[in-house]
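Worksheet for the structure shown next.
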Amino acid sequence: MDYFFEKEVENNARGRVEAEEKVTGKAKYSAEYDIPELAHAVMVGSTIAAGRILNIDIANAKEAPGVIDILTHNNRPTVPGIATEEAWKKSRFSLPVFHTDKIYYNEQPIAMVIAETLEDATYAASLVTADYEESEFETNFKEERDSVETIETKEEKGSRENWQNADHIIEREFKIAMEVHNPMEPHATIADWKNGELTLYDKSQNVYGVQGNIAKLFDISENNIRVISEFVGGGFGSGLLVWPNTVVAIMASQHLNRPVKVVLTRPQMFTSVGHRPESWQRFKIGADKSGKFLGCYHQAKHATSSHTGHTDNITGLTWKHYHFPNIKTEQEEIPLNIPKPTWMRGPGDASGAFAIESIVDELCEKLDMDPVEVRLMNLSETDSQGKPWSTNYLNECLKIGAEKIGWNKNRKSKPGELKEGEWNIGYGMAVGFWNAGRQDADASIEMKPNGDIIVRSAMTDIGTGTGTAMQNMAHNFLGIPKNKIAIELGDSDLPYAPSQGGSWGLSSLSGGVAAACKSLKTKLVDLAYGSKFEKGKGNLKLVKLNSDGISMEDDSLEPVSYKSIFDKNNLGVLNVKASSSPREEAKKYGFCSSAAHYVKLKVNKLTGDIKILEMVSVADGGKIINDQAAANQVIGAAIGGIGMALMEKQDIDHNHGRLIGNDLAGYHFPCNADAPIIDVSFIDKPDYNRNPAGAKGLGEVGIIGCAAAITNAIYNATGKRMRDLPVTPDKILMA
Amino acid sequence: MKTEASNTYSRRFFIKSSSAFTTLAFIPNSVKSFFYQVKEKFFVKKQKIPLSVSINNKEYRLDVDTRTTLLDLLRENIGLTGTKKGCDHGQCGACTVHIDGERRLSCLTLTAMIPGKEITTIEGLAKDGKLHPMQEAFIENDGFQCGYCTPGQIMSAVACVQEGHTGSTEEIKEFMSGNLCRCAAYNGITRAIQKVAP
C-alpha cells in the first residue's frame, strides 16, 4: 500500500483547542460580533396557516421609536433566485420569503422590522398586523396519512412470496412525533453588505454551502461573499441548509446599506430552521425457527411541507445492517401546511431503527431467543450492493455492551419479573448503524521560522471537536508538538470543506489535513536536503518534524533547523495547501459506523414514570482521534435518544394550524437529571480504507437505535409494547 | 350517535362555507383603532433612565431603555457577550449570572432592578488572569461540546457548590437541571462539579 500516513493517530489529547474561549465567554457566536452601525431586525410571522395576505398594516409600527424601516413583500429588494415562482422552484430555496403574498404555513415570515435597538425592533414588530384571505389548510398528519399510498423506494430484493409461509411473521405499526433540533444557540445572522462585498456572520454547519447558495439566490459572485461561522452553538442538522432568516438579513442590509442582525426567538426556532417530521411506519418481518431472518416489508410515511419537499430516508436502514434475503421498502411524504422539515441527527435511520429494532425484539420473544444472539446471527456481511464491509465491528459492540450491563447475568427474559417497591425494572437493547461517508476536503498549513504552524480548514465545529481533531492529526502526521499547532476554521476564506453533517466531517477533513501535512513535509525536505533526499526513493515516513527542525528517524541525514531553512531560502512564512478525495480503492468496500445500546430502567406501576438507570453505548467509529470529545458526542446522542423515546413531541393545534407550546417549557428534551451518567466505549480500530486517520463518523450512530433500546426495556419491565413515540407516562398507564 | 351533527360543523365545513376571511378582517376599523389606543395607553413608551450598575467590579454609568433586560444590557450594550441568550424566557438557564453571589436568570431581570447589586458574569469569574477552578474543571472533564450553554452552566455550577447541593451525583444533577444542554454534555458537567465540590 502506497498510503502515506499509516501511523496510528495518537489518542491522548486532553482539553479542546478552543476550551478556554468557551469557558471564559470569549468565544464569539454569530450574533456576538461587534459591528459598527449595526441595526437590529425582528421578524413577524403570519397568523394563519394557508391563504393570501390582503394587507399588511405597518403604519403603527413605523411610528414606533427607533424604527428604521419595515420590509414586507411590498417593498423588499428583489432577490433574483426567488423573484418569480419559476426562479424559486429552480433555486429550490425553502421559501420565497417576502416575495409572495401567499401563506403556506403559520408563522411564515411576512414582515421584518429593522430598528436601532433590539427593544425598539421587538416592540414595533408587535404592532404589525395583517388581513388575510384564509384558505383550507391541513396540518394533521394522522388524518391525512391514509390518503396517500406508499411507493417503492428501491427495486425489491427477492420476493415477498418467498417468505409468506415463514415460521414466524410479525407485522406492527410505529409512530414518531414531530421533533425539533433546538440547538441552544438560536440561529442568527449578521449581514454586512458594503461596496459590493457581503460579509455574513451566520450560524451554519456549512460555510461554503451558504456562500454558494447565497451567490445563486442573489446572483452575485461567490468571490464577493465571505461566510464566518467560527463558533456554532450546536446544530444537529438545523444548520445544514440556508434558511430564510439569513436571506432576509441580507435583503435588509442591501436595502439600508447598513449591517443588520437577525436573531431568531426560541419560538421562531420551531418554525424556521427545520424539524424531524412526524412519521408512521408499518414493518413486517419473517424468520425461520432458528431465528434467521427471511424477509421484511417496510413501509413509511412522513409529514412534509406542502410548499417545498423533504425526504427522510426512513426505510434506508432496512437494507443495511441485517441480512434479509427478501426486502421490499416503500415510502411516501404527506404534504401539510407546516414549516419545512429537514435532516435531524440520524435522519431517516433514527426513525427507521425504532421500527426495525422494536420488531426484532418482539420476534425474539416469539422465538424465545436472546435478542443479542438473534442480532449476532443476522448481521449483514456486505453492504446493500454486495460489497464487503471495509471494517464492521458491530458484533464486538454487541458483545462488549452485553458484558458491561450484565445482560446475561441481570436480565430476565420474561417481562415484569424484576421489581423494586412500586417500580418495575427492565433491560433492553438495540443497535445503531450509519453509512460512514467521506467527501472532498482541502486544508492548508502555514509555518513560521520558529516552527509554529497554523492548520486551516473551512469546516465548522458545532461542538464535535473539529479543531482539536485537526490539531491531534497534524501532530501525529508531522510530529510537531501540539502547543506549536494553532487551528483556524469556520470561514469561507479558508480552504474548502464540505458541510459538517452526515457524520462525514472528521472523515473528510482528515484527508485534507493528511494531504497538507504531506505537502509540508515534502516541501521542507526539498528545501532542507534537496536532491540528497533521493526524490521518489526517499521515505517521507522517516522524516520527523520536531519543535526546532527537520530530521530523519534513521539519522541518514543531518538535522536541519527551521530557522536555517527559512533564512537560507529567504522565506518569511511557508505555505502549503492540498486537496483530498476518497480513494479510488474505496469503491470496492462498504463503509459503516455502528453502535450497540443497552439500557436499564425502571417504570413506576402507579404513575407510569420512567427513570433511566443505566445506559451503555459501545460504538465502532474506526480510530478514535480524541477519546474525550468522541465519548462526549456519543453521550450526547444517547441522551438525545432518551429525548426521542420519552419526551420530544411538538404539538400542533389543528383547529388553527399553529404549533403550540413551541418553547423550551413546552417542548421537553432531557435536562441533567433526566439522564444517568452514560457509559460509552469504543472499539477503536482504524479503517484506513476510509481515510488516512482511520476514523469513521460518530455523530449519528449514537442516537440511532436508542429509542428502541428504551422501549424494549420498558417492555421487559412492564410487558407493555410501546410503538408510539414519545412514551409519556400516560401511554404506559393506558396501555 | 351525533355523527351527522359533528360532520356538519367540522372545521373543514366551517372554512369552506364561511366567506374564508379571518376574524381580523371582520373587525371594524373603529374597534381596531380603539384597541390600539388602549394599547398605547397601557404600554409604557420608550423611556431612558440614568443608572449606575456594578458588573464584575466595574461601575457603569448608563442611559438605559427601561425595557432592557440585564441579559440584553450585557450582550447588546456593554459588549459582555459571554452571557448567552437561549430562550429569553427563563426556560433554559443559558443566561445565568450571579446577582449578589446568587445564581439568577439575567433574561428575567430588568436592568432597572439591579442598581445597588453586584453582578458577576462569566467574564468576571477568572481572577488575576487565573481561571476559576470550575472553569478548569469544565476543561479537564470536557463539560461542553458547542459551548453555548457553558457560561450559564459554569455560573450555576459555582453557585451549586456554594449552596452545598453536591452531596451525590443525583443531587448535582437535580440542582443543575435548570441549565439545559442540547449537546447533553451532562456527564462532563456533573464530573466537573464533583471535582470542585468539597
Side-chain angles (χ1 to χ4, degrees), chain A residues 14-16 18-20 22-29 32 34 47-48 54 60 65-66 117-120 123 129 131-136 182-186 231-234 236 263 265-266 462-464 628-629 632-633 635-636 639-640 655 663-665 669-673 675 677-678, chain B residues 11-12 15-16 20-22 24-25 36 45-46 65 67-68 72 75-76 79-89 91-92 94 121-123 125-126 131 135 138-140 142 144-151 154 169-170 173-174 176-177 179-190:
Chain A
R14 290 288 164 203
R16 302 178 182 220
E18 79 289 5
E20 191 161 327
K22 283 181 174 170
V23 302
T24 55
K26 288 192 188 113
K28 288 258 179 254
Y29 297 81
E32 299 171 351
D34 188 16
T47 55
I48 63 162
L54 295 176
N60 285 310
T117 72
L118 178 58
E119 290 80 8
D120 291 338
Y123 175 65
T129 59
D131 294 334
Y132 303 96
E133 181 185 296
E134 196 176 2
S135 43
E136 196 181 327
N182 272 315
M184 291 310 297
E185 181 203 14
F231 284 92
V232 184
F236 318 105
V263 183
T265 63
R266 183 54 62 177
I462 56 171
T464 56
Q628 213 173 20
N632 203 337
Q633 203 182 355
I635 290 161
I639 296 175
N655 287 319
D663 58 27
L664 297 183
F669 58 78
C671 67
N672 203 324
I677 295 290
I678 311 284
Chain B
R11 178 178 55 76
R12 204 180 283 246
I15 289 166
K16 273 184 186 159
F21 278 79
T22 59
L24 203 60
Y36 287 121
K45 284 259 165 55
K46 180 174 180 175
D65 189 326
R67 301 168 298 186
T68 304
D72 287 331
R75 288 175 64 79
E76 307 295 345
L80 293 177
T81 55
T83 305
K84 304 301 181 195
K85 183 183 280 188
C87 71
D88 215 16
H89 283 72
Q91 300 163 345
C92 76
T121 71
I122 189 73
E123 290 92 343
L125 209 54
L131 293 185
Q135 291 171 313
F138 265 68
I139 294 177
E140 198 180 309
D142 210 33
F144 54 84
Q145 288 175 39
C146 80
Y148 195 77
C149 74
T150 311
I154 292 175
T169 304
E170 287 67 34
K173 283 181 157 288
E174 189 64 32
M176 286 300 291
S177 282
N179 290 79
L180 296 176
C181 173
R182 186 54 154 160
C183 303
Y186 295 133
N187 272 22
I189 293 167
T190 308

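Lettering of chains follows the sequences in order, A, B, ..., and the numbering in each one begins at 1.
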Apply side-chain hydrogen bond (donor to acceptor under 3.5 Å, both in side chains) to A/Asp120 and A/Thr117, showing your working. CA-CA 5 Å; A/Asp120 291 338; A/Thr117 72; 3.1 Å; yes
Please step through side chain to side chain contact (heavy atoms under 4.5 Å, CB included) for the pair B/Cys181 and B/Tyr186, ending with a clear verdict. CA-CA 7 Å; B/Cys181 173; B/Tyr186 295 133; 3.6 Å; yes
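Between B/Arg75 and A/Glu32 there is a salt bridge, with a side-chain nitrogen of the basic residue lying less than 4.0 Å from a carboxylate oxygen of the acidic one. With respect to B/Arg67 and B/Asp72, no salt bridge is recorded, no charged nitrogen being found less than 4.0 Å from a carboxylate O. Under the 4.0 Å criterion applied to side-chain N and carboxylate O atoms, B/Asp88 and A/Arg266 are not assigned as salt-bridge partners.
The parts of B/Ala185 that come within reach of chain A are both its backbone and its side chain, each placing non-hydrogen atoms under 4.5 angstrom from that chain. Both the backbone and the side chain of B/Cys87 come within contact range of chain A, judged by heavy atoms closer than 4.5 Å. The contact between B/Gln135 and chain A is made by backbone and side chain atoms together, counting heavy-atom distances below 4.5 Å. Interface residue B/Leu131: only side-chain heavy atoms are found under 4.5 Å from chain A. Using a 4.5 Å cut-off between heavy atoms, A/Ile677 contacts chain B through both its backbone and its side chain. When heavy atoms are compared at a cutoff of 4.5 Å, A/Asp663 approaches chain B by way of both its backbone and its side chain. Heavy-atom distances place no part of A/Lys26 under 4.5 Å from chain B, backbone and side chain included. In this structure, chain B has heavy atoms under 4.5 Å from both the backbone and the side chain of A/Ala665. Residue B/Thr169 touches chain A through its side chain alone, counting heavy-atom pairs closer than 4.5 Å. Interface residue B/Leu180: backbone and side-chain heavy atoms are both found under 4.5 Å from chain A.
When each of B/Ala126, B/Ala94, B/Cys149, B/Ala184 is checked for heavy-atom pairs under 4.5 Å with chain A, B/Ala184 comes out on top. Considering only heavy-atom pairs separated by less than 4.5 Å from chain B, the leading option among A/Pro186, A/Gly234, A/Ala629 is A/Pro186.
Side-chain atoms of B/His89 and A/Leu664, non-hydrogen and from C-beta on, never get closer than 4.5 Å to each other.
By the side chain to side chain donor-acceptor pair (under 3.5 Å) test, A/Thr24 is found to be paired with no residue, residues two or more places apart in sequence or in another chain being considered. Contacts of A/Tyr29 classified as ring-ring contact (aromatic ring centres under 6.0 Å, His included), with partners at least two apart in sequence or in another chain: A/Phe231, B/Tyr148.
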